[in-house]
Protein chains: 2
Amino acid sequence: MADSQTTSERPHIAAKRYIYAWGGGTAEGNGNMKDLLGGKGAGLAEMTLAGLPTPPGFTITTVACNDYFSAGKQLPDGLWQDVLDAMKEVEARAAKRFGDPANPLLVSVRSGAKFSMPGMMDTVLNLGLNEATLQGLIALTGNERFGWDAYRRFISMFGRIVMEVRAERFDEPLEHAKAKHGAGAKDTDLTVDDLKALVEVYKGVVRADTGREFPTDPYEQLDLAIKAVFGSWFGKRATDYRNSQKIPHDLGTAVNVVTMVFGNMGDDSGTGVAFTRNTFDGRNELYGEYLTNAQGEDVVAGIRTPEKIAHLQDQMPEAYEEFVKIGHLLEQHYKDVQDLEFTIERGRLYMLQTRTAKRTAEAAVKIAVQMVGEGLISKREAVARIEPSQVDQLLRRQFDRNALGASKSIVGGLNASPGAAVGRAVFDADLAVEWQARGEKVLLVRVETSPDDFHGMAIAEGILTARGGATSHAAVVARQIGKPCVAGCSDLLVDYGSRTARSITSGESFKEGDWISVDGNTGKVYVGALPTVDAKYEDQPELQTILGWADEIRRLGVWTNADKPGEAAQARAWGAQGIGLCRTEHMFREGDRLEIVREAILVANVATRAKAKRAAGAELSADEAAAVATFDAAMAKLEKLQQGDFEGIFEAMDGLPVVIRLIDPPLHEFLPNLEEQLVKVTRAEASGGASEEDRQLLATIKSMHEQNPMLGLRGCRLGIMIPDFVKIQTRAIINAQVVRRRAGGNPISKIMIPLVGHVNELRATRHLLQTEADAIAAAASDVKVDYKFGTMIEIPRGALTADEIATEASFFSFGTNDLTQMTFGYSRDDAEGGFLLKYVEDKILPVNPFQTLDDAVAGLMKIAVDKGRSTRPDLELGICGEHGGDPESIHKCERIGLDYVSCSPFRVPVARLAAAQAVLATQHDK
Amino acid sequence: MADSQTTSERPHIAAKRYIYAWGGGTAEGNGNMKDLLGGKGAGLAEMTLAGLPTPPGFTITTVACNDYFSAGKQLPDGLWQDVLDAMKEVEARAAKRFGDPANPLLVSVRSGAKFSMPGMMDTVLNLGLNEATLQGLIALTGNERFGWDAYRRFISMFGRIVMEVRAERFDEPLEHAKAKHGAGAKDTDLTVDDLKALVEVYKGVVRADTGREFPTDPYEQLDLAIKAVFGSWFGKRATDYRNSQKIPHDLGTAVNVVTMVFGNMGDDSGTGVAFTRNTFDGRNELYGEYLTNAQGEDVVAGIRTPEKIAHLQDQMPEAYEEFVKIGHLLEQHYKDVQDLEFTIERGRLYMLQTRTAKRTAEAAVKIAVQMVGEGLISKREAVARIEPSQVDQLLRRQFDRNALGASKSIVGGLNASPGAAVGRAVFDADLAVEWQARGEKVLLVRVETSPDDFHGMAIAEGILTARGGATSHAAVVARQIGKPCVAGCSDLLVDYGSRTARSITSGESFKEGDWISVDGNTGKVYVGALPTVDAKYEDQPELQTILGWADEIRRLGVWTNADKPGEAAQARAWGAQGIGLCRTEHMFREGDRLEIVREAILVANVATRAKAKRAAGAELSADEAAAVATFDAAMAKLEKLQQGDFEGIFEAMDGLPVVIRLIDPPLHEFLPNLEEQLVKVTRAEASGGASEEDRQLLATIKSMHEQNPMLGLRGCRLGIMIPDFVKIQTRAIINAQVVRRRAGGNPISKIMIPLVGHVNELRATRHLLQTEADAIAAAASDVKVDYKFGTMIEIPRGALTADEIATEASFFSFGTNDLTQMTFGYSRDDAEGGFLLKYVEDKILPVNPFQTLDDAVAGLMKIAVDKGRSTRPDLELGICGEHGGDPESIHKCERIGLDYVSCSPFRVPVARLAAAQAVLATQHDK
């Protein structure tokens, strides 16, 4: 059944319309048909319609690809007849005939999916050549060398892609042939005889490796090539790439059959790739490279060094002028920077491809701001175009650009985890740990990594592997632990025996102990220690402009998780609108405070029970009285110190809300590690006896030891068992508020009670603390004292009973780290170094749920939001788990209807952008 | 506004109708008005209406009580005037006048709530006495001693209850007066002069302790007594009792003002308490006690030894005959055994109270079966009447009845946790642990317990405390850990100094190390080691009858959790209809298997990775090959052993479903404890060096150590990481099935994959195992091989995504232990010995959620049930957590709509009853 919306001159045999042709100024498809025609096919149709010079051809649709697989790798009925008809049309438009020795038409057969998958899919050029048509080509061009070169290229490309002969089988004879012309000889040095000889060798290789002759019938070549391109959709590389980029597997690829034009027909010919603006630094200038007398693949392959596109103006001024005009036209048409492929055949310009250009983070931001200035796009479009990861990248430490410009990378691989890493190469994890322990910066280099290498990865500056894709162990772990990583440098030969690594291509190498630099943003690896620079928000006005626009669009507030005044000020400068999580216990570890905290903990239980006894009217023993005195003295010191902390935070965030979470972790976290103390005491006892103090300490640690501390005595449970900790914290908060108000400040305090699973926990704690706060408020009648109580929703039961809990809480903050742990039943500490890796690798889980909010966890949050608002409509709702800084999770927070996200200071700019994009996405969905 | 549904002769002043009178054969209330009149008031009205002899009186309603508290402890407007009017009516019916020295009316003022709260609420007798009416009483009865005795009783009772004078202040002078008549003198030994002197002393005590004279105006006495009875509703004892029995606090108590009749007017008078059937062993005979010439309280107080009710037949045959007739009438009327209070005043019988009789478990079952036989009640009513805890009690080890009958308890307390415990008394927890460690059976005796005593409670046979109610630490912990406990023996003086405990009343004592016996069913404590007997289901035909009726009623299946053939057979005999949970790893610990399991674990990771490597075509190193060989050998042994286990289970459960859960716990549970191994190696190294084996073992244990093993590598995660464990288990199951089928059996296997949080975990595991099973099935073509796959829902995410998971599971079994842990964020191991105790004590949680299914957890299960059935309507749904044997939780399972509950063999009979009662409750709700 033909697509009724598209007119067609050709009759179609197949049940569906599988073919869309273009040429001669008309096209059956257009630029909006990327789903059906792929990016390349739609672009060629659109360019043709726009009157641009394109070589005639046709696209076989993505639907045909899917039907091919559905039919068990058979071309769907009628398709072949349609291909034959379409070829007739191309022949007419090109005024050549396929397989005609007198005037041969040659075509390229290229894949072209909806999303660009650079280097992942296959292309065959010069299809249609055989001994007979080769002679026609030579006769027509008068260039025997060109003809034989084209033929040799065709055989090797077809042999490799369609007939599955290994690439080395063609590369080795070629290298051999070049070698005869001396070291460093190029393929342009090959003579006609060399090429003729190579063709014979190649044919022999095909015969030897496949057991059949190289096909000479052009239509047989075409049939096989179409099937091979379809087949490459489910090739390993392509599948891995789609997984890493989250591209669905059911899109399929289109196949483009395009008349060959030749950039290698002499000095009035050439081929190149160019961007309509500088995609490296964002300047508004044509940016790209070309090669005179060369075919497309030569530019990419780096066999000859291409020239800058500007030089074309001198060499072929007319073609250049036309190309500039076309570039401008396409940019205006597509309203974005274009990535253009062109070929000049004997002075005549052909446009082979246009697509949206990939660009660096810096260029993306600058170009977006420029284009808004030019009136080309709206602010909303500008905001939508920036990847949150690009904002992240602009604020990370990175390599100095000048140094990068001056350096040549030894190898390149997959940019698996962003950032700049510099360290001394170490080839195994144990050694890495050893070197790091003695103060070295190390960079772990492995063929590939396994769970056994985790300890080395965890302490390395960065990771470099020779094997493995975007979802390899190295890549997944590196992203998880935030280390720069370049993975899958297939050009790198890592030899554990000699402790060296060598580029197979260039032969350059480094050995264990050498400094190397790894750029996780680009995937490039350098020998030597490249200088790095801090990226400053203040120095990036375009970034600030974009984020200002984002602020106008977004609905979600962006707050920050900060525990110290300096962090708070930093986050505020980056746009944070409040503190969503101030972890009071982080202050417990500073300086000499840990000693005070330990003093208190060692007597906490005895003192608390003694106090209850005293309150019930009983006498205390001398030991009990002493414990109470020690405990109270430590608590008083701690209260004073915490008050100072809060004064600083309130000052830094003056006028903005500050959510302070009361003590959360189990107390034994502040004591020495059980195993270490056990070894210490055991050793001491074996050699004369341990001190009473050490034995006592061991006994206390043991008594506080828990099977599963994550699920033990922490959060509000701690405050209920030992009320003094949360009492002094509350007093410190309220007294700090009094001090700040008296100083004319405007502190806004919100007290957050963590780990609530039952409304009664919150009610009891709130009652306890309100008494403390009210007493201070009554004493400080000269200033206004106000505060709100809220809770973290981080326990499934808390979410499930949010309607009850909301009656006692004026705000909820979703603690999605713990909520994810408990909803999944995962201990993050154990899982991330263990089975979770395998789960992500094996696709049992689509993503690491600690990085991106899981849908079931988000669903639980939605239950809590709805229930909470049902009993308290003005409930304030935020998130303070790490997901608050993750763009995809922020989208989910927008859909759930939270009021704000809170993230680390460092992620605030990213969150501002992501929050705006979440609004745009929601509007788009409607 | 008068209650329009009840006629009344008296005009009412109060805004509501607060008073319901009875007497002279008519009554304003009736037996159905327990809510308003309390049990006692409704009973008296009903008895009066039935023509039984009751002393005239009236009831002040529970509504008046609540209004009294609402008004800030003021009698509601108009109530007092109504009381005065009602008193006039009583005077007329009794033909006496209140405060009339010539013909004085005396009344009792008694509390009477909807639910019986024995001993918890207050009563004042002989109200209306003063110096003047006393003389009238003496003149009317001609008995001076009776008069003064009544007066002295009244002053002490009123003084204590209404005027809040401490009881000892009256007890001491009484003891002193009795002492004058020699050791062991009774209060009947007191002379008129003794009594007169006591009255003077009592009045002096009241004056000294309250600063006011004892009130002489009968109406003032009445006013104060009514308020005191109201007030006792919120007394500590009553409040604690209601909490323990889950009786709401807003019911309020009624107050009954009843004409005094005197059982102490000579040998033609008496008073007693009797049950219409034997409430101890269930025989159909009048069962009770009476005292000649005594007032009601004397029977209870144990001052004189009462006589068996049968003797009344000889002493007062007419009164006895009438009483027997009345008892029969009331039993027919109420269709249940009645607990009757009566007084005979000069030969005339008065019925003072009738209520449903409390009874032992044995009596409850026997009486219910009897009554069905008599046509008095239906089978459904019989089933509804048995408490599930009574079934439990009938199947627990208990004291030999003959020994119990022959023994006298030294003290009694609250039956806080059921069961019979025998051990040597130990007075502190540390010592208890020490004694127990050397092989002694210990019984922990404490004034009260605190969390510091937990280790002692955990190893004791039982617990006995002098202080604390049903929600005291001792009671809560004992129930939690399943130890018999008698708490709050206020008569027991525990002296830690002399290591003795003494009955204050009797002076009998025991010392540390003495054998004592504690009956948690009755609350009684005995000195000496009483013999215990096993309770056999087979020997209890009535119990079997009741449970047979329950089976006819219930909808839920009752399955069992059993790991061994013996257990399975036992449960089947008790009525189990399948195995809902067979924990395969329990078999791993038997005999020499642990060694095999350890062998496998030590090389599991290396071997698994080596196998993957080999599968990918790589060569193994010698070490790797050795690890694989060791691992495979251990696995093969284990497979064979497990197959034998399953054959046994299938045989025991032939024809019934058996749900086998694949390995669940983390592997390190099968290895030595980390701390112990650490100490061992550290010690060895300090003295010359540890063995390589020990060091290796320590390294392995460390590498497997997890921060939170509850949330770590266990359940299906383990099978995904190390597939061989679950593969061999599956093969063992299927091969066992083949063997049983060839033997003519009918094994029904269901394979349960635990800890599934994401459908992909189940899908991957199922795929892995199906391959194993299919291979065996293909080889054993002579028999039918069938099996189903299902999963445990025990992770919140599993419940939340049950619609997805159900696509891969033919059954769900709710693992509510883990589900509760993760939904609450509690580690049961840590919480139950720690904060959870305080939570239950402080009412932060209404119950221990590990004992009774929490409503939020049940809500999560309901989500899972609905979602699961939405994608698989025939999904089979059960529960295998411990809640499956808890009656209240079984009710929730009925409401959620599960198909079956599975519990320990021991709980199967309880569950059968509870499941039937759940149906009855649901029908009642409708």
Side-chain angles (χ1 to χ4, degrees), chain A residues 450-452 605 609 674-675 678-679 682-683 685-687 702 706-713 715 717-718 720-721 755 757-758 760-761 763-764 794-798 800-801 818 821-831 834-835 838-839 842-846 854-857 859-860 863, chain B residues 450-452 605 609 674-675 678-679 682-683 685-687 702 706-713 715 717-718 720-721 755 757-758 760-761 763-764 794-798 800-801 818 821-831 834-835 838-839 842-846 854-857 859-860 863:
Chain A
S450 80
D452 292 338
N605 284 325
R609 225 173 286 135
L674 170 59
E675 288 167 45
L678 190 60
V679 168
T682 307
R683 266 198 201 131
E685 300 216 316
S687 60
K702 272 192 175 171
E706 293 179 311
Q707 298 294 316
N708 299 282
M710 178 61 52
L711 306 176
L713 183 57
R717 301 165 193 172
L718 196 57
I720 289 170
M721 294 300 277
L755 215 74
H758 194 291
N760 289 347
E761 294 175 308
R763 191 175 288 140
E794 51 189 331
I795 285 186
R797 198 185 185 284
L800 292 166
T801 60
D818 270 1
Q821 292 200 96
M822 293 180 200
T823 305
F824 272 89
Y826 291 170
S827 164
R828 187 173 184 176
D829 289 342
D830 301 316
F835 65 85
K838 187 168 168 71
Y839 272 28
D842 287 3
K843 316 261 173 274
I844 287 174
L845 292 180
D854 170 68
D855 281 333
V857 176
L860 189 55
I863 291 174
Chain B
S450 80
D452 291 339
N605 284 325
R609 222 170 294 134
L674 169 58
E675 289 167 44
L678 189 59
V679 168
T682 306
R683 267 198 201 131
E685 300 217 316
S687 60
K702 273 192 175 174
E706 293 180 309
Q707 298 295 316
N708 299 282
M710 177 60 53
L711 306 176
L713 184 57
R717 301 165 193 173
L718 197 55
I720 290 169
M721 294 300 278
L755 215 72
H758 195 292
N760 289 348
E761 293 176 308
R763 191 174 290 141
E794 51 188 332
I795 285 187
R797 197 183 186 286
L800 291 166
T801 59
D818 269 1
Q821 292 200 97
M822 292 179 199
T823 304
F824 272 88
Y826 291 169
S827 163
R828 185 172 186 175
D829 288 342
D830 300 316
F835 66 86
K838 187 169 168 72
Y839 271 27
D842 289 2
K843 317 260 172 277
I844 287 174
L845 291 180
D854 171 68
D855 281 333
V857 176
L860 189 56
I863 290 174

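Residue numbering restarts at 1 for every chain, and letters A, B, ... go by the order of the sequence lines.
Summarising the geometry of B/N760 relative to A/K843, their closest heavy-atom pair is ND2-O, 3.4 Å, with the distance given to 0.1 Å. Shortest non-hydrogen contact noted between B/M721 and A/K838 is SD-CD, 3.4 Å.
Of the listed residues B/D855, B/D842, B/I795, B/I863, the one with more heavy-atom pairs under 4.5 angstrom with chain A than any other is B/I795. Contact count versus chain A (heavy atoms, under 4.5 Å) is highest, among B/G715, B/P709, B/G712, for B/P709. Note: A/V679 leads A/T801, A/N605, A/V679 in heavy-atom pairs under 4.5 Å with chain B. Counting heavy-atom pairs closer than 4.5 Å to chain B, the top-ranked of the candidates A/G825, A/A686, A/A856 is A/G825. Ranked by heavy-atom pairs under 4.5 Å with chain A, the list B/R763, B/E761, B/R683 is led by B/E761. Comparing B/M710, B/H758, B/R717, B/E794 by how many heavy-atom pairs each has under 4.5 Å with chain A, the most go to B/R717.
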- Check the pair A/V857 / B/R797 against side chain to side chain contact (heavy atoms under 4.5 Å, CB included), numbers first and verdict last. CA-CA 7 Å; A/V857 176; B/R797 197 183 186 286; 5.5 Å; no

- Take A/L711 and B/D830 through the side chain to side chain contact (heavy atoms under 4.5 Å, CB included) test and state the conclusion after the steps. CA-CA 8 Å; A/L711 306 176; B/D830 300 316; 5.9 Å; no

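Residues satisfying the side-chain contact (heavy atoms from CB on, under 4.5 Å) test with A/E675, not counting sequence neighbours, are A/N673, B/L674, B/L678, B/K702, B/H705. Judged as a side-chain contact (heavy atoms from CB on, under 4.5 Å), and not counting sequence neighbours, the contacts of A/L718 are A/I663, A/L667, A/L713.
Proximity to chain B (any heavy atom under 4.5 Å) is shown, for A/T823, by both the backbone and the side chain. Residue A/D818 does not touch chain B at all, counting heavy-atom pairs closer than 4.5 Å. When heavy atoms are compared at a cutoff of 4.5 Å, B/L800 approaches chain A solely by way of its side chain, counted from C-beta outward.
Expressed to the nearest 0.5 Å, how far CG of A/L755 lies from CZ of B/F824 amounts to 12.5 Å.
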